[in-house]
Engineer: 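Starting off with a structure, shown below.
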Number of protein chains: 2
Amino acid sequence: MAETISNLSRKEQVIRMAAELFKEKGYSAASMRDLAQKLGIEAASLYSHIKSKEEILRTLCFDMAADFRASLLEVEKKNVSAREKLRLGIIGHVKVMARDLTASAVFMNEHRHLSQPYLRDFLLLRINYINRFKTIIEEGVSSGDFKKDIDTKLAVMTLFSSLNWMPAWFSPDSTIEPEKLGEQLSDMLINGLKQKV
Amino acid sequence: MAETISNLSRKEQVIRMAAELFKEKGYSAASMRDLAQKLGIEAASLYSHIKSKEEILRTLCFDMAADFRASLLEVEKKNVSAREKLRLGIIGHVKVMARDLTASAVFMNEHRHLSQPYLRDFLLLRINYINRFKTIIEEGVSSGDFKKDIDTKLAVMTLFSSLNWMPAWFSPDSTIEPEKLGEQLSDMLINGLKQKV
DNA sequence: TTCTTCCACTAACAGTTGTTAGTTTTGTCG
DNA sequence: CGACAAAACTAACAACTGTTAGTGGAAGAA
């Protein structure tokens with residue numbers, strides 16, 4: 001139906017603008033009137049397109065979550081070493097983020113404003129994703145790819161901390177491509193800063 | 001004066017509670033009535049102790065900033081290699097955070113809600129701090145401590161991303177001491193995950 | 001006792017919040 | 001043209017926002 005298509009299109013426009021606003025001011029500080037103004041309409045008109053403010057946040061968070069999940073699934077299927085899996089996983093994660101830096105920033109910083117039960121669901125997805133990276137690292141420790149004395153929990157938290165702040169400082173008009181950036185990041189985490197002797 | 005001391009004491013109590021609330025719900029979503037309730041008083045009573053909601057945020061952010069600055073200054077004074085300076089700088093940073101994880105979380109995630117000109121001042125302090133770490137890394141590259149082909153900007157951003165998310169996942173009742181944690185973090189960043197061959 | 005300081009209170013303000021109900025404009029298709 | 005749906009509008013709601021003014025009680029010092 002034509003109506004659905006055009007509705008989606010306008011709805012997506014609203015959601016995209018909302019993402020920018022949420023990133024800029026934070027979810028709570030961003031008002032529906034702010035959002036409306038950015039779109040050149042009245043606040044009440046927004047409700048022709050969305051059910052509530054939180055529905056927008058939900059859409060942003062869960063759509064990103066699905067993308068991350070899909071990316072990791074692709075990597076897990078491959079029959080390669082743990083070190084290579086980690087490398088590909090990191091690159092995949094960076095690429096997903098780079099595809100929509102604005103939504104990524106909201107995904108990371110604003111998800112806590114989801115209400116129950118959505119918050120619970122979201123956190124479950126997240127912990128699952130993180131644990132699957134942890135498994136990869138543990139595989140690497142067993143196989144001898146990685147050092148035996150590392151704290152895998154600390155390692156995986158460090159990994160995600162590094163990855164997740166990317167939207168905050170990576171500028172979209174940067175010359176570096178996401179693929180290359182992911183490569184450098186994974187190199188830094190795996191090999192460290194130190195010069196080999 | 002006795003009045004000043006007891007005033008400070010109660011004021012600090014208010015600020016500490018506010019820090020917890022800001023961390024939990026975010027600055028914007030945390031209302032003065034929420035804060036009052038946590039203290040068992042009326043919202044208006046808060047204004048016997050503080051001038052405004054933002055004054056609390058300002059205190060939290062700038063006090064933390066001063067602590068970070070002092071810690072780094074101590075490290076810079078030492079006459080050691082760049083690698084050692086980076087190690088000590090990281091450990092110092094972690095220790096400052098660990099001293100007040102709640103305030104650290106607010107410092108990191110809520111500073112953007114400062115209004116001008118405080119926001120500008122804060123960001124200047126922050127960029128200065130980061131740049132001084134960057135200088136240490138650049139020294140390390142020159143001296144051969146670190147690899148020549150690393151992107152120092154990326155390296156320093158990765159470093160801070162890792163460090164700064166600590167308050168989010170480090171639990172205060174963890175068995176690991178801040179010193180040890182800083183040690184492990186610096187080891188991971190400098191040496192990487194990879195097993196030496 | 002009286003003075004002073006701290007710390008709480010009640011009452012109220014002007015502005016903002018997300019959202020609703022009902023209506024009208026706009027553009028497309030038959 | 002007329003029909004229909006998309007997308008905008010106006011008006012209003014109840015609740016909540018940070019904050020001020022003015023007041024009163026409690027505790028310690030003079």
Side-chain angles (χ1 to χ4, degrees), chain A residues 1-22 24-61 106 110-116 118-119, chain B residues 1-22 24-61 106 110-116 118-119:
Chain A
M1 302 165 206
E3 76 210 60
T4 308
I5 291 170
S6 82
N7 189 8
L8 264 187
S9 162
R10 186 54 168 161
K11 182 172 182 176
E12 271 172 6
Q13 218 172 319
V14 169
I15 291 175
R16 191 167 288 271
M17 276 290 187
E20 278 177 37
L21 197 67
F22 292 172
E24 247 178 67
K25 313 185 70 174
Y27 177 76
S28 295
S31 80
M32 296 303 271
R33 283 169 180 84
D34 288 340
L35 177 54
Q37 198 177 16
K38 278 194 85 158
L39 289 155
I41 61 177
E42 290 297 315
S45 308
L46 291 167
Y47 292 82
S48 302
H49 308 287
I50 47 112
K51 285 199 200 74
S52 69
K53 186 184 180 187
E54 203 193 319
E55 188 208 40
I56 303 177
L57 182 61
R58 258 188 330 250
T59 304
L60 288 167
C61 289
V106 173
E110 311 300 332
H111 69 256
R112 63 170 155 173
H113 293 107
L114 289 169
S115 64
Q116 300 291 8
Y118 305 102
L119 180 58
Chain B
M1 306 165 205
E3 74 212 59
T4 310
I5 291 170
S6 84
N7 190 8
L8 266 188
S9 162
R10 186 56 169 158
K11 183 173 182 176
E12 271 172 6
Q13 219 171 319
V14 169
I15 291 175
R16 192 167 287 270
M17 277 291 186
E20 277 177 38
L21 198 67
F22 292 172
E24 246 178 68
K25 312 184 73 171
Y27 178 76
S28 295
S31 80
M32 295 304 270
R33 283 167 181 85
D34 288 341
L35 176 54
Q37 199 177 16
K38 277 194 86 159
L39 289 155
I41 61 176
E42 290 298 313
S45 308
L46 292 167
Y47 292 84
S48 303
H49 308 287
I50 48 114
K51 287 202 201 71
S52 68
K53 185 184 180 186
E54 204 193 318
E55 189 208 37
I56 303 178
L57 182 60
R58 253 182 343 242
T59 304
L60 288 166
C61 288
V106 173
E110 311 300 332
H111 69 256
R112 63 169 156 172
H113 294 109
L114 288 168
S115 65
Q116 298 294 6
Y118 306 101
L119 180 58

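To find a chain, count down the sequence lines: A is the first, B the second, and so on, and within it residues start at 1.
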Engineer: Just the rounded figure in Å: distance from P of dA8(D) to CD of Gln37(A).
Structural biologist: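 After rounding, the gap between these two atoms is 15 Å.
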Engineer: Measure from CZ on Arg33(B) to P on dT10(C) and round the result to the nearest Å.
Structural biologist: 13 Å
Engineer: Provide, to the nearest angstrom, the distance between the CD atom belonging to Glu54(A) and the C1' atom belonging to dT19(C).
Structural biologist: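 Nearest whole value for this atom pair: 14 Å.
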Engineer: Nearest 0.5 Å, please: how far is NZ in Lys51(B) from CG in Leu46(B)?
Structural biologist: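 So the gap between those two atoms works out to 15.0 Å.
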Engineer: Tell me what Ala30(B) touches on the nucleic acid: a base, only sugar-phosphate, or nothing, going by heavy atoms under 4.0 Å.
Structural biologist: sugar-phosphate
Engineer: What integer distance in Å separates His49(B):NE2 from dC7(C):C1'?
Structural biologist: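 Nearest whole value for this atom pair: 5 Å.
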Engineer: Please pick, from dG18(D), dC9(C), dT19(C), the nucleotide with the shortest atom-to-atom distance to any side-chain atom of Lys53(A).
Structural biologist: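 Closest nucleotide among those given: dT19(C).
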Engineer: Distance to the ring centre below 6.0 angstrom and angle to the axis at most 45 degrees; does that hold for Lys53(A) and Tyr47(A)?
Structural biologist: no
Engineer: Are Arg16(B) and Glu12(B) close enough, and set up right, to give a salt bridge (charged side-chain N to carboxylate O under 4.0 Å, His left out), and what steps lead you there?
Structural biologist: CA-CA 6 Å; Arg16(B) 192 167 287 270; Glu12(B) 271 172 6; over 6 Å; no
Engineer: Need one value for Ser45(B): base, sugar-phosphate or nothing, where a base atom within 4.0 Å counts as base even if backbone is also close, heavy atoms only.
Structural biologist: base
Engineer: What is the distance from CD of Gln13(B) to C1' of dA8(C), rounded to the nearest Å?
Structural biologist: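 Distance, rounded to whole Å: 14 Å.
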Engineer: Select from Ser31(A) and Lys51(A) the residue whose nearest nucleotide in DNA chain C is closer to the 5' end of that strand.
Structural biologist: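 With Ser31(A) and Lys51(A) compared, the 5'-side residue is Ser31(A).
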Engineer: For Glu42(B) and dA8(C), give me the distance from atom CD to atom P, rounded to whole Å.
Structural biologist: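 My rounded result for the distance is 11 Å.
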Engineer: Quickly work out the Leu46(A) CG to dT17(C) P distance and round it to whole Å.
Structural biologist: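 Spelled out: CG on Leu46(A) to P on dT17(C) is 13 Å.
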Engineer: Salt bridge or not between Glu20(B) and Lys38(B)? Use side-chain N to carboxylate O under 4.0 Å.
Structural biologist: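 Between Lys38(B) and Glu20(B) there is a salt bridge, with a charged N closer than 4.0 Å to a carboxylate O.
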Engineer: Quick one: closest heavy-atom pair of Leu21(A) and Ser31(A), and the distance?
Structural biologist: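 Shortest heavy-atom contact: CD2-O, 3.9 Å.
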Engineer: Below the 4.0 Å mark, does dA8(D) have OP1 or OP2 next to a side-chain nitrogen or oxygen of Arg10(A)?
Structural biologist: yes
Engineer: Nearest whole angstrom, please: distance from the C1' of dA8(C) to the CD1 of Ile50(B).
Structural biologist: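 In whole Å, dA8(C) C1' lies 14 Å from Ile50(B) CD1.
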Engineer: Side chain of Tyr47(B) only, please: which of dG18(D), dT10(D), dG18(C) is the nearest?
Structural biologist: dG18(D)
Engineer: Looking only at N and O atoms, is any donor in the side chain of Ser48(B) or the base of dA8(C) less than 3.5 Å from an acceptor on the other one?
Structural biologist: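 In this structure, the two groups form a donor-acceptor pair.
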Engineer: Looking only at side-chain atoms of Ala43(A), point me to the closest of dT19(D), dT10(C), dT19(C).
Structural biologist: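 Nearest to the side chain of Ala43(A) among the choices is dT19(C).
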